*Asks:* 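After the structure tokens below, expect a handful of questions from me.
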Amino acid sequence: MAVENIRIGISSCLLGEKVRFDGGHKLDHYLKETLGPFVEWVPACTEVECGLPVPREAMHLVGDPESPLLLTVRTGKDQTERMLRWAERKLKELERLDLCGFVFKSRSPSSGMKGVRVYSPEGMPRYRGVGIFARAFMEYFPLLPVEDEGRLSDPGLRENFIERVFVFRRWKDFIHKGGTIKDLISFHTNHKLLVLSHSPRHYRTLGTLVATAKEFKPALLYTEYLSILIEGLRMIATTKKNTNVLQHIMGYFKNQLTQDEKKELMEVIGDYHKGLIPLIVPIVLLRHYVRKYDEPYLKRQHYLNPHPAELMLRNHV
Ligand code: SF4
């Protein structure tokens, strides 16, 4: 998959751009240096792009957490309308760029996607809310993978986000190619075990939907499929769910493996289940058997290869 095909929006300060209210940045080394070579970042600084200078007076959210005002902290100047007007234009521009995700700066009153402090008119931090631009973005692109850099330091959330980004790219490719029902069946088949590792319930629902695909108008079918797919993938692939998938894969080799090989594989899966080794260990062993025995269904499973190995997303216990 070519890098330029995976465009992800990002709060500019996370790439080291000196656009913060105090003239500083919030460079995130993982995003820029580790993930950077595999994606094309599309930076956006809400506050600067809507016309505010650097440096500028700090701002915060005030009032109703569902619809707060964006006010400057010292002089109380209301910047809400200015930012909303800019966001309306910016979202249309971003739509044309075919993004596969967005990484927001955490806790920012403009860019934070959750847990942003919302103050009472008296100046007390009273609620947790969503930054003005982040809220508009998530309402405009409800299915697009989004995260903030703070949450991405958690290995489970990081893998989940990057996995969704890659699935989203493949989904867009499928739609751009014309998206026939035959192609949907193929897309679904390739993602079966990946979905199973996140949510057996969504795996079953998608299976039923694809089996009855001919009963739906294509537009409705694809909207429904994508929303169930993304809802399922948002659920974390826990050790227990991964163990079930690994055992399921092992079942494909029951006639080929020797007793010794089966014992070794069971031990490796068991050690992963106990938290002694990372997921990558049983995956590498299973990939080896998939290649050796040329197992066609497993060969096409993105579960065994969901993102570039260099990101080492499955190398933690
Ligand atoms: S958090 Fe958003 S608005 Fe604030 S400096 Fe970073 S990119 Fe700009």
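Bear in mind the structure is a predicted one, so any value in this text is a computation, not a measurement. Numbering of ligands and ligand atoms starts at 1, following listing order.
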*Asks:* Would you mind checking if Asp98 and Lys172 are paired as a salt bridge, meaning a charged N to carboxylate O distance below 4.0 Å?
*Replies:*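 Result for this pair is yes, salt bridge flagged.
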*Asks:* Of the side chain and backbone of Lys105, name the one, both, or neither that has a heavy atom under 4.0 Å from an atom of ligand 1.
*Replies:* side chain
*Asks:* Would you say Ser11's side chain and Leu14's backbone share a donor-acceptor pair under 3.5 angstrom?
*Replies:*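 Not confirmed, Ser11 side chain does not pair with Leu14 backbone.
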*Asks:* Please determine if atom 8 (Fe) of ligand 1 has an N/O/S atom from Cys13 lying under 2.8 Å away.
*Replies:* no
*Asks:* Which ligand 1 atoms are under 4.0 Å away from a heavy-atom of Ala44?
*Replies:* 7 (S)
*Asks:* How are the rings of Tyr225 and His188 set relative to one another: parallel (under 30°), tilted (30 to 60°) or perpendicular (over 60°)?
*Replies:*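 Taking His188 first and then Tyr225, their aromatic rings stand perpendicular (interplane angle over 60°).
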*Asks:* So which bit of Cys45 gets within less than 4.0 Å of ligand 1, heavy atoms only: side chain, backbone, both or neither?
*Replies:* both
*Asks:* Decide whether the shortest distance between a heavy atom of Arg56 and an atom of ligand 1 is less than 4.0 Å.
*Replies:* yes
*Asks:* Can you label the angle between the Phe104 ring and the Phe137 ring as parallel, tilted or perpendicular, going by 30° and 60°?
*Replies:* perpendicular
*Asks:* Would you say CD of Glu88 has more than 12 non-hydrogen atoms from neighbouring residues, nucleotides or ligands within 6.0 angstrom?
*Replies:* no
*Asks:* Look at ligand 1 and say whether Gly131 reaches it with a heavy atom at a distance under 4.0 Å.
*Replies:* no
*Asks:* Does even one non-hydrogen atom of Val48 get within less than 4.0 Å of ligand 1?
*Replies:*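 Contact absent.
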*Asks:* May I ask you to check whether Ser111 brings an N, O or S atom to under 2.8 Å from atom 2 (Fe) of ligand 1?
*Replies:*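 It does; at least one qualifying atom falls short of 2.8 Å.
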*Asks:* Using a 4.0 Å cutoff against the non-hydrogen atoms of Val19, which atoms of ligand 1 qualify?
*Replies:*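 Checking each atom against Val19, I get 5 (S).
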*Asks:* Give me the nearest non-hydrogen protein atom to atom 5 (S) of ligand 1 as residue plus atom name, then the distance to 0.1 Å.
*Replies:* Arg20 CG, 3.5 Å
*Asks:* Could you give the distance from OH (Tyr289) to CG (Leu285), rounded to the nearest 0.5 Å?
*Replies:*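 With rounding to 0.5 Å, OH (Tyr289) is 5.0 Å from CG (Leu285).
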*Asks:* Among Leu209, Leu143, Val167, which one satisfies side chain to side chain contact (heavy atoms under 4.5 Å, CB included) with Leu229?
*Replies:*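 Passing option: Val167.
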